[in-house]
Structures are given as structure tokens and as C-alpha cells.
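One structure below.
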Amino acid sequence: MAEPKISDKRWSVDLEKKIQADHFSNDKYSDRYKFDPTSDREIFIIDTPPPYPSGTWHIGAVAQYSMIDVIARSQRLIGKEVRFPWGVDRNGINIEFTVEKKTGRKMRTYDRAEFLDICSDTIESYTQAMRQTAKRVGLSCDYENEYLTDSPEYRAISQTIFVELFKRGDIIEDLRPNIYDPVEGTTIAEAEVQRIQRMTNLCDVVWKTQDGEEIVITTTRPEMICACGVVVVHPEDERYMHLIGKTVDLPLTVSNRDSFVQIQTHPSVKMDFGSGILMVCSYGDQNDVSIFRELGMRPFPAIDLDGKMTSLSGPLSGLSVEDARVEATRLLQNEGRIKSIEEREQEVPVSERGGNPIEIILLKEWYVKQTSVLDRLSELTNQSRFIPERNRQFLHDWMDGISIDWPISRRRWYHTEVPIWYSEDRSMVVVPPKGCYVQPWRESPPTGSQVLERDSKKILGDFESLRDQLGDIVGEEKVFDTWMDSSNSNLFVSGYLNEPELFEKAFPTSIRPQGKEIVRTWLYYTILKSALLLDKPGFQNIWVDGLGMDPWGRKMSKSLGNGIDADSVLECGAGGRTGSWKIRGADGKQVTLKANKIGSECFRLWKACDAQVGDDFHINPEEIETKYYGVLTKIFNVARFASQFDTPDDLENPPELSPEDVWILAEFDHTLTTVHMAWSDIDIYNAAQSIKSFSTGIFPSHWLEMSKSRLYGGDGSATWTLHRVVRDILSAFTPICPFFTHYLSTTLYSQSSVDIREFPKIPDSCGVSEFDGFRELTAELTEFNSNVWKAKKDLGISLKSEIDGISVPINLAVFEQALREMHNLVQ
RNA sequence: GGGUCCGUGGUCUAGGGGUUAUGACGUCGCUCUUACAAAGCGAAGAUCGCAGGUUCAAUUCCUGCCGGACCCA
């Protein structure tokens with residue numbers, strides 16, 4: 001017996017960090033994890049969610065990413081050629097806000113080019129920090145080939161796809177009511193609207209019909225009276241039958257429009273809301289939009305692009321919406337037109353990014369047609385497998401609710417530009433050639449651009465030859481919605497345009513892993529793009545995980561004070577530092593959670609073992625440590641124990657094996673089969689559970705105890721079995737805890753488990769299949785061992801003491817010798 | 001207000017029409033047995049949210065209710 005080759009007494013976060021540092025600095029890193037598109041192996045491309053760098057990374061997202069890494073590593077382990085790209089999503093309003101906040105200046109006070117430079121400098125520092133966290137949690141991405149969604153290369157793809165869809169008529173421009181954020185000055189999509197509770201005044205306003213009757217209309221938005229197109233009551237409302245068809249005067253002064261409207265009926269009116277009479281304005285809300293459309297009415301634009309009242313509103317014109325509401329109320333009060341004001345809580349739609357109340361405004365914008373292809377989308381989506389299957393529902397629910405096309409143009413700056421120029425008379429447009437990134441607001445069309453008829457999309461010819469007929473061309477100033485860029489990610493990583501040969505065999509992309517909160521945006525828009533462009537499903541597999549919640553099951557948020565920083569968990573235990581988290585608990589009281597050591601390996605193990613994919617998961621650092629750190633200790637010590645016995649030269653061909661060795665190999669073979677199936681099935685939970693229960697349960701508790709005396713005696717069969725099992729456990733476990741298994745496997749077997757590209761299998765020559773009956777003895781064997789342990793406990797004697805009067809059951813006769821020595825049985 | 005999902009020992013969790021319902025943590029007891037006390041072994045602990053229904057049989061299927069989460073109007 002030699003000294004253990006593994007010198008550390010136990011697994012530690014410091015050791016983990018040391019191994020990580022070696023790993024990432026090692027030249028072998030890129031050999032290990034790079035992607036070879038020409039490989040003969042099955043190609044497996046992961047459409048990693050490109051994170052948005054905005055300071056700290058949400059711990060729930062880090063947990064999700066660590067599981068995406070488990071998928072990447074497990075697919076490599078079972079022999080696939082894996083592309084696990086590292087992308088960073090950097091377009092969008094977030095970075096614009098950050099810059100505005102940092103500099104204290106609004107975007108529009110800058111020169112456009114200057115503002116873009118500040119944005120790209122600012123986002124770079126966040127990008128670095130994010131990459132560090134990604135490495136710290138062990139993501140085996142291809143960092144050398146990092147892609148940024150704001151790079152010319154990526155934006156060129158977005159623009160090329162836009163041009164393609166524009167030519168086909170799948171992208172159109174139109175004047176439509178749009179959801180608009182007046183504070184940030186941009187259109188937003190349905191998917192970007194959030195609802196918040198806030199107090200508003202509900203006013204009962206007295207209107208007068210032209211024949212003198214007073215009616216009461218309840219509204220929260222008196223400033224919108226100037227945009228009123230019609231007053232409606234419910235068709236079955238007995239109270240108001242006599243009003244139908246009459247004309248009613250607007251209670252406020254207006255300009256440039258009639259000062260009266262008609263009273264009609266509409267089934268959408270809620271009879272029990274307020275007075276049951278509703279004014280329909282262009283546009284107070286989505287219902288107004290549909291009534292206007294239904295009745296074919298001309299809208300009255302009451303709010304301009306700056307969020308100010310238009311001249312239509314007479315005395316209110318030029319006021320902000322908020323001020324106009326106060327002023328309108330005051331005017332009505334002066335006229336004695338307000339019957340009552342009640343303050344009540346109401347849901348207000350606001351923009352997700354800016355948190356500003358949104359308005360609905362008529363604007364000319366670019367749209368991706370979607371309402372017309374929803375059925376086909378459904379069909380295509382049915383060809384993708386969802387993991388878990390039930391989360392398919394999130395997508396279906398969203399698709400069922402889609403009623404308008406997707407507005408993709410934004411009046412912002414740090415985004416991909418809409419790649420189009422207009423001729424002087426606006427009848428023709430110029431679009432850039434394939435693969436070219438353009439900025440029409442400051443550039444002329446590049447060589448190879450094409451001229452199209454604006455309405456018919458007929459190609460008229462080259463820009464160069466038609467230049468003179470266009471007059472002074474004007475570049476489009478608008479940009480894309482960020483999702484217009486990120487929804488190309490699967491195409492980009494699968495080689496669309498840039499690697500045609502790869503794309504041919506790699507599309508639909510192998511897997512889209514993501515959180516359920518962005519099903520309606522990222523997933524939906526990606527599927528829409530793939531369908532419009534290629535009439536194919538975007539993915540083979542769609543892995544939709546739940547959200548990371550606080551320890552009591554609530555969403556983590558700044559306002560609740562229940563957030564947990566990812567780095568604090570990953571660094572917990574490093575350099576002797578412990579972790580402590582003050583969190584507002586379920587009862588509103590502050591709770592302090594404490595942990596001594598977690599680190600990335602324990603964190604990953606926790607996420608892999610603790611809940612099935614797709615469910616929301618509670619993040620409690622205290623629990624992560626108590627439940628899973630011991631598992632690492634246990635497996636570490638099994639390996640350390642093994643390391644004191646010399647590793648046989650030949651671990652492929654077994655020596656003559658003893659029955660108990662064949663038994664454990666049969667058990668292990670069964671575990672490996674289960675794990676292999678689970679990995680193939682992208683089932684992290686079951687893989688993790690199987691490995692964990694075998695390697696912390698039956699293997700050390702039963703087989704190891706039974707085999708100790710043989711091991712110390714230098715028995716070849718026992719030593720071979722020990723090392724073969726430990727080596728293969730490490731391989732099977734490597735996707736979950738790569739650094740842990742890398743360290744142990746290189747120390748013991750001079751080959752890192754992270755380099756294994758074929759899932760381990762117990763050789764047939766071990767006789768596992770012939771002696772399948774051995775597995776049936778497992779229950780009886782463990783029960784026998786338990787009985788002996790219990791008997792010794794009842795007698796109050798130590799486990800090593802002799803015990804008599806216990807005989808080995810007949811079924812276990814093959815193990816008799818081993819069991820006698822294990823328990824020190826005497827007759 | 002509508003939709004989706006969820007509700008299993010003190011806590012977290014697996015499972016699923018039918019023998020004693022999985023595992024982990026915690027609790028209690030024992031043990032420093034030549035890998036492991038940052039561990040091991042053993043024990044106690046659940047009428048599987050509530051009420052109906054379907055069935056020979058329901059914790060599992062159906063309906064309603066209650067509670068939670070998320071999404072939408």
C-alpha cells in the first residue's frame with residue numbers, strides 16, 4: 001500500500017480555482033473545446049443565448065448557463081462534434097440607458113456618431129466582466145471565436161436577412177397604430193410591454209347630448225377627450241337604449257375637428273364599469289384600436305412623437321400627457337363637468353425597458369408579417385422536440401394571442417440600422433448587397449447595391465447605373481428592434497451565409513437552450529425567421545428551463561431586496577472567505593443565509609441534481625452547500641482512497657474477476673447505460689441522479705467495504721475493478737463537475753476526463769452480461785449488510801468488532817468470504 | 001378578469017391507476033472501523049392542498065374550490 005497520489009485531504013474551492021486557472025491558461029483549452037466543422041462526428045450546434053452585458057449577471061441565468069455547459073460537455077462525451085459558441089448581445093436600448101445615466105445626458109442631445117462610440121466603449125467593459133463569470137462557472141465555450149451582435153459581421157447578416165425578406169414581401173412598411181414610448185421616443189413591440197399597478201384618478205365626467213340630456217362617462221384619461229371618435233354603450237344595456245344614434249358634445253374645447261360625436265353600441269363595453277358608457281379615443285388602448293378599425297373611423301392624433309398634446313386638444317396643446325390630464329381635470333371642474341373623482345389602483349401598460357407609460361400612436365414603421373404565417377409556424381414547430389415537452393405550451397399560448405404584425409423599426413441609435421435608402425421622390429429604394437453592413441444615416445449605398453421600385457419591390461437594376469435617376473437619396477434613420485438581430489442567432493451559429501457546407505448539414509440547429517421568460521421574444525422570433533426564410537423549423541431540440549427564484553419561490557428583484565449575486569456564490573469559500581446573504585424573507589423580515597463553501601462545481605452539481613428542467617427553481621446558497629458539498633467530498637475521497645493503490649497498466653482487459661467484482665461491474669454497467677441514455681436524451685437530472693446514487697451509495701458503502709481486505713492484500717481483481725469503476729465514474733460525471741473530475745482523472749489516470757470522446761462502457765470480457773443474475777442479488781446484499789450494521793448497533797459494539805451467530809444467506813453464498821471479512825463474522 | 005403551470009414527511013424533491021410512495025437536507029441515536037467527522041451507519045417522520053366524481057381500485061384521471069408562481073387582457 002502506497003501513499004495516496006492525491007495529496008489534498010479534501011475538495012476545496014481554492015483547489016477548484018487553481019485547477020480552473022491552469023485549465024484556461026493551458027494551450028490545450030482550444031484543442032479541447034474548439035469546433036471542427038469538417039469532422040466526421042455528428043455535428044451538434046448549440047444556439048447559446050447571447051447574454052446582455054449589463055453589470056451583474058443574474059444568478060438564475062448563470063445557473064441556466066451552467067446547465068447549457070453540461071449539455072455541451074455531455075454531447076462531446078458521447079462523441080459529438082460540439083459547437084458551443086460564446087456570443088454577447090450588445091445591441092439595444094439597455095446600453096443607451098446606461099450611457100445616459102452615466103453621463104447625465106439624454107441620447108438626443110448627442111451627435112449620433114459620438115453617442116455610438118460612447119456606447120461601444122461602455123459595453124466593452126461589461127463584456128469583459130461577463131466573460132470572466134462565464135469562465136468562472138466553467139462554460140466550455142469557444143471564447144476565441146466570440147461573436148458580438150453589434151459587430152459589422154453579425155449586423156451584416158441581420159441586414160442581409162432584412163433585404164431578403166423585404167424583397168419577398170415578408171417585410172413591409174405601413175402606417176399603423178403602434179405602441180410607443182414617448183419618453184424614449186421609440187416604437188416598441190407587444191412583447192416589450194409590461195403592466196404595473198399604480199394609482200390613477202377615475203373621473204365621472206358629465207357630457208351633454210345635443211338635445212340636452214346629461215350623461216356620465218367614466219374615464220381615467222380626460223385629456224384624450226379631444227381624440228374621441230365615438231361614444232359607445234353595450235347593445236343590451238336597457239338604461240341607454242334611447243341614446244343610440246344621438247349626438248353628444250365633447251365637454252372640452254377642441255381644434256380642427258368636429259366638437260361632437262355619435263353614440264353607438266359595441267359589445268366590448270363593460271356595463272358594470274363606471275357608468276357603462278365609454279368614450280373611444282384614438283388611441284387610449286388596444287380596444288380603442290380595434291373599435292376604430294372595426295368602424296372604419298379616421299383616427300385623431302392627440303399625442304405627438306415627443307409625448308406632447310397636439311393642436312387638436314385646443315387649450316391642452318403642447319402639454320405633456322401627464323400635465324394635460326391635470327389641466328383637463330381642472331378645466332372640467334371649472335365647468336362643473338366632473339361629477340366625482342375616485343382614486344383607485346389600475347394596471348398601466350409601460351415599456352419593459354424604460355418603465356414609461358406607453359401610448360398608441362399612428363406611425364409609419366417597418367413590419368415583419370407574422371399574422372399570415374402563424375398556422376405554418378405551428379406546423380413547423382411541431383417538428384421540434386421540447387425539453388420538457390410541456391413547456392411547448394408557452395410558445396403556443398403566445399402564438400395564439402398574436403393579433404398584429406411585428407413592428408421591427410425603432411427610433412433609437414445603438415442598434416442595427418434598417419439598410420435602406422430612398423430616392424428623392426420616394427418612389428424607389430436602394431438596398432445593399434449580401435453580406436454587407438451599412439449605416440444609411442451616414443453612408444451612401446456601397447458598390448453592388450440594388451435599386452427597387454418601392455411598392456412593387458421590382459428590381460430596377462444596379463445602384464451604379466441608376467444613380468442619376470434617383471436624385472438626392474436619403475438614408476433611413478431608423479434601426480431594428482434588438483430581437484430582429486438576436487433572432488438570427490441560430491442561423492449565424494449554424495453557418496448561414498458564411499459556412500454554406502456546414503449550414504447544409506447543421507440546420508435545423510441542434511438545440512436552443514433558454515429560459516421560459518423569453519419564449520415570446522427570442523424563441524418565437526427565431527422560429528418566425530427560420531420559417532419565413534427557409535420554411536424550416538429553427539431547431540431540433542428546444543430546451544426551456546424555468547426561472548431562478550428566491551429561496552421562497554418569488555422572482556428575484558431589486559425592489560423586493562431578495563437578489564443573490566452570482567459571484568458571491570461562486571467565490572464562497574475561496575481564500576477562507578465565507579458567504580453571507582441578507583435577504584428579505586417571505587414574511588418581510590430580513591433573513592441571513594450563510595454558507596462556508598460552494599464554488600462552481602458544487603453550484604453546478606446542485607443545479608443538475610436539484611430539479612427537473614423546466615420548473616422554476618429556488619436558489620438558496622445554504623441549501624446548495626448542505627445538500628451537495630458532501631457529495632463532492634464523498635466522491636473525492638473515493639478517488640483519493642483508490643489513489644493509494646497502484647493503477648493497473650491495462651484497464652481495458654480485466655484479469656480473472658472475483659464474483660463480487662463482477663457484481664459491482666454489472667451494477668455499474670447498468671448505471672452507465674442509464675447515464676448514457678440520459679445524456680443522449682439531454683436529460684441532465686436523471687444522469688446526475690444516477691451517477692450520484694451509484695458513486696456515493698452502493699459502490700463505496702457496499703462494494704468498497706466488501707473489498708477492502710482484498711485491496712490491502714494486493715488482489716488484482718479488486719484493484720482492477722476499483723480503478724476501472726473510479727475512472728469511468730469520473731468520465732461519466734465530467735459534464736457536471738468538469739474541473740473536479742479533470743483534477744482527479746489526470747492525477748490518477750494521466751488522462752483528463754474532459755478529453756474523453758466516447759462514453760465509457762464496461763468491457764464484455766468482464767462477463768457482466770453472462771452474470772446478469774448478479775444484479776438481482778443487489779437488494780438482498782444491501783439488506784444483509786444493513787442488518788449486520790443494525791445488529792452491531794443494537795449490541796452496542798463497534799463495526800469492526802467480531803459478531804457471531806450471523807450466517808450469510810444461501811443466495812449470497814458466492815460473496816460469503818468477502819462478507820465474513822467485511823463484517824468480521826465468526827461462527 | 002382570462003390562460004398556463006404547480007401544490008408529495010419540518011424543508012426541498014422523484015414518481016405515477018393497484019403490493020410497505022423516491023431521494024436529499026434537517027431532527028434524533030450510535031461510530032474518529034487502516035478513504036472520508038466538511039464523514040459513515042441506524043431510527044423516527046407523509047391520511048401525496050381541500051371537496052366531490054369516474055373506477056373493483058386514485059396520491060396518480062375528471063370537476064369544483066383554496067393556495068402559490070408565471071403570462072396575458
Side-chain angles (χ1 to χ4, degrees), chain A residues 1 3-6 8-13 190-191 193-195 268 270 272-273 285-287 290 347 349 388 390-398 400-403 515-520 544 546-547 549-555 573 586 595-598 602 605-606 609-612 614-620 622-645 685-686 688-690 692-693 696-697 700-702 704-705 708-709 711-712 722 726 785-801 822-824:
Chain A
M1 180 173 82
E3 277 295 298
K5 269 196 233 163
I6 293 167
D8 298 82
K9 291 276 268 185
R10 56 180 64 93
W11 180 246
S12 69
V13 180
E190 270 179 302
V193 177
Q194 233 178 20
R195 299 189 125 70
S268 69
K270 291 180 199 140
D272 54 358
F273 181 81
D285 57 35
Q286 288 290 357
N287 190 46
S290 50
E347 273 192 338
R390 69 187 134 83
N391 279 2
R392 185 188 293 277
Q393 199 60 39
F394 292 120
L395 181 65
H396 282 204
D397 288 350
W398 178 246
D400 285 347
I402 288 174
S403 57
K516 70 180 187 187
E517 78 282 11
I518 48 175
V519 164
R520 65 193 171 122
V544 180
L547 264 48
M549 314 291 262
D550 83 356
W552 300 274
R554 296 166 312 178
K555 215 171 178 173
N596 293 322
K597 59 231 170 295
I598 299 178
C602 183
L605 179 62
W606 156 74
C609 289
D610 214 59
Q612 289 275 27
D615 295 330
D616 292 342
F617 50 97
H618 303 182
I619 304 175
N620 183 342
E622 232 172 65
E623 238 179 66
I624 296 176
E625 179 185 31
T626 53
K627 288 170 86 163
Y628 295 101
Y629 205 87
V631 175
L632 291 179
T633 306
K634 185 71 183 173
I635 299 176
F636 186 88
N637 277 304
V638 169
R640 185 164 181 271
F641 172 76
S643 80
Q644 68 187 298
F645 303 102
Y685 179 86
N686 280 307
Q689 290 291 337
S690 300
K692 175 172 156 251
S693 72
T696 62
S701 301
H702 296 275
L704 216 57
E705 292 301 332
K708 270 184 182 170
S709 56
L711 287 164
Y712 289 124
L722 174 68
V726 169
N785 287 337
S786 287
N787 287 341
V788 179
W789 286 324
K790 193 170 183 321
K792 288 191 174 180
K793 179 187 173 290
D794 291 344
L795 290 169
I797 58 176
S798 80
L799 291 178
K800 68 177 173 185
S801 310
M822 171 181 176
H823 294 297
N824 208 356

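Letters go in sequence order (proteins before strands), and every chain restarts at 1.
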**Message:** By the 4.0 Å heavy-atom rule, please label A:L704 as base, sugar-phosphate, or nothing.
**Reply:** base

**Request:** Please lay out, stage by stage, how A:K692 and A:C609 fare under the test side chain to side chain contact (heavy atoms under 4.5 Å, CB included).
**Result:** CA-CA 9 Å; A:K692 175 172 156 251; A:C609 289; 3.9 Å; yes

**Asked** Looking for any heavy atom pair under 4.0 Å, which part of the strands does A:E705 touch: base, sugar-phosphate only, or nothing?
**Response** base

**Asked** Expressed in whole Å, how much space separates the C1' atoms belonging to B:C48 and B:C6?
**Response** 14 Å

**Prompt:** What interatomic distance, in whole Å, is found between P of B:G53 and the corresponding atom of B:G45?
**Reply:** 32 Å

**Request:** Between B:C61 and B:G7, how far apart are the P atoms? Round to whole Å, please.
**Result:** 10 Å

**Asked** How long is the line joining CD1 of A:I624 and C1' of B:A24, in whole Å?
**Response** 14 Å

**Request:** Please name all residues satisfying side chain to side chain contact (heavy atoms under 4.5 Å, CB included) with A:S801, sequence neighbours left out, ordered by chain then number.
**Result:** A:I797, A:S798

**Message:** Donor-acceptor pair, distance only, cut-off 3.5 Å: does the side chain of A:R640 make one with the backbone of A:D8?
**Reply:** yes

**Asked** Say you pick atom P in B:C12 and the same atom in B:G52; how far apart are they, in whole Å?
**Response** 27 Å

**Message:** Please give the distance between the C1' atoms of B:G64 and B:U54 as a whole number of Å.
**Reply:** 15 Å

**Message:** Among residues at least two apart in sequence or on other chains, which ones pass side chain to side chain donor-acceptor pair (under 3.5 Å) with A:K793?
**Reply:** none

**Request:** Send over the distance from A:L711 CG to B:U33 C1', rounded to a whole Å.
**Result:** 16 Å

**Message:** The criterion is salt bridge (Lys or Arg N to Asp or Glu O under 4.0 Å); which residues satisfy it with A:K9, sequence neighbours excluded?
**Reply:** none

**Message:** Distance check needed: B:C70 P versus A:N391 CG, whole Å only.
**Reply:** 15 Å

**Asked** When rounded to the nearest Å, what value does the distance between C1' atoms of B:C50 and B:U8 take?
**Response** 15 Å

**Message:** Let me spell it out: for each of A:M549 and A:G796, pick the nucleotide of RNA chain B with the closest heavy atom. Which residue's pick is nearer the 5' end?
**Reply:** A:G796

**Request:** May I have the distance from A:N620 (atom CG) to B:G26 (atom C1'), rounded to whole angstrom?
**Result:** 13 Å

**Fill in**
Applying side chain to side chain donor-acceptor pair (under 3.5 Å) to A:N785 and not counting sequence neighbours gives A:H702, A:H823

**Request:** Please work out if A:R10 contacts a base, only the sugar-phosphate, or nothing of the nucleic acid, heavy-atom cut-off 4.0 Å.
**Result:** base

**Asked** So what does A:K708 touch, heavy atoms closer than 4.0 Å: a base, only the sugar-phosphate, or nothing?
**Response** base

**Prompt:** Taking atom P in both B:A46 and B:G40, what distance in whole Å separates the two?
**Reply:** 25 Å

Show me the protein contacts with nucleotides 40-44 of chain B, counting only N or O atoms at under 3.5 Å.
unit_1, atom_1, unit_2, atom_2, d
B:C41, OP1, A:S701, OG, 2.8
B:G42, OP1, A:S786, OG, 2.9

**Prompt:** If only atom types and distance count, is the side chain of A:S643 paired as donor or acceptor with the main-chain N or O of A:I6 below 3.5 Å?
**Reply:** yes

**Request:** Would you mind reading off the distance between A:L605 atom CG and B:A38 atom P, rounded to a whole angstrom?
**Result:** 19 Å

**Message:** When the C1' atoms of B:A37 and B:C41 are compared, how many Å lie between them, rounded to an integer?
**Reply:** 13 Å

**Pairing residues for A:F617 by the side chain to side chain contact (heavy atoms under 4.5 Å, CB included) criterion, not counting sequence neighbours** = A:A63, A:D545, A:W606, A:K607, A:I619

**Message:** Going by the rule side chain to side chain contact (heavy atoms under 4.5 Å, CB included), which residues pair with A:L547 if we only count those two or more places apart in sequence or in a different chain?
**Reply:** A:K516, A:E517, A:M549, A:K555, A:D616

**Request:** Please list, chain by chain and in numerical order, all residues satisfying side chain to side chain donor-acceptor pair (under 3.5 Å) with A:S786, sequence neighbours excluded.
**Result:** none

**Asked** A:K516 has an atom NZ; how far is it from atom C1' of B:U4, in whole Å?
**Response** 9 Å

**Which residue lies more 5' along RNA chain B, comparing A:I797 with A:N637 via nearest heavy atoms** = A:I797

**Request:** Let me know the distance between CG of A:N596 and P of B:A39, rounded to the nearest Å.
**Result:** 12 Å

**Prompt:** In dot-bracket form, how is RNA chain B paired, counting a Watson-Crick or G-U wobble pair only if both its distances are under 3.5 Å and using | for bases paired to another strand?
**Reply:** (((((((..(((.....[....))).(((((.......))))).....(((((..]....)))))))))))).

**Request:** Can you tell me the distance, in whole Å, between the CD atom of A:Q393 and the C1' atom of B:A69?
**Result:** 16 Å

**Message:** Using the side chain to side chain donor-acceptor pair (under 3.5 Å) criterion, which residues pair with A:N686? Sequence neighbours excluded.
**Reply:** A:D683

Show each protein N/O and nucleotides 12-15 of chain B N/O combination with a separation under 3.5 Å, one pair to a line.
unit_1, atom_1, unit_2, atom_2, d
B:C12, O2, A:K627, NZ, 3.4
B:U13, O2', A:Y685, OH, 3.4
B:G15, OP1, A:Q612, NE2, 3.0

**Fill in**
Residues at least two apart in sequence or cross-chain that pass side chain to side chain contact (heavy atoms under 4.5 Å, CB included) with A:N787, listed by chain then number, are A:E783

**Asked** If only atom types and distance count, is the side chain of A:E625 paired as donor or acceptor with the main-chain N or O of A:N596 below 3.5 Å?
**Response** yes

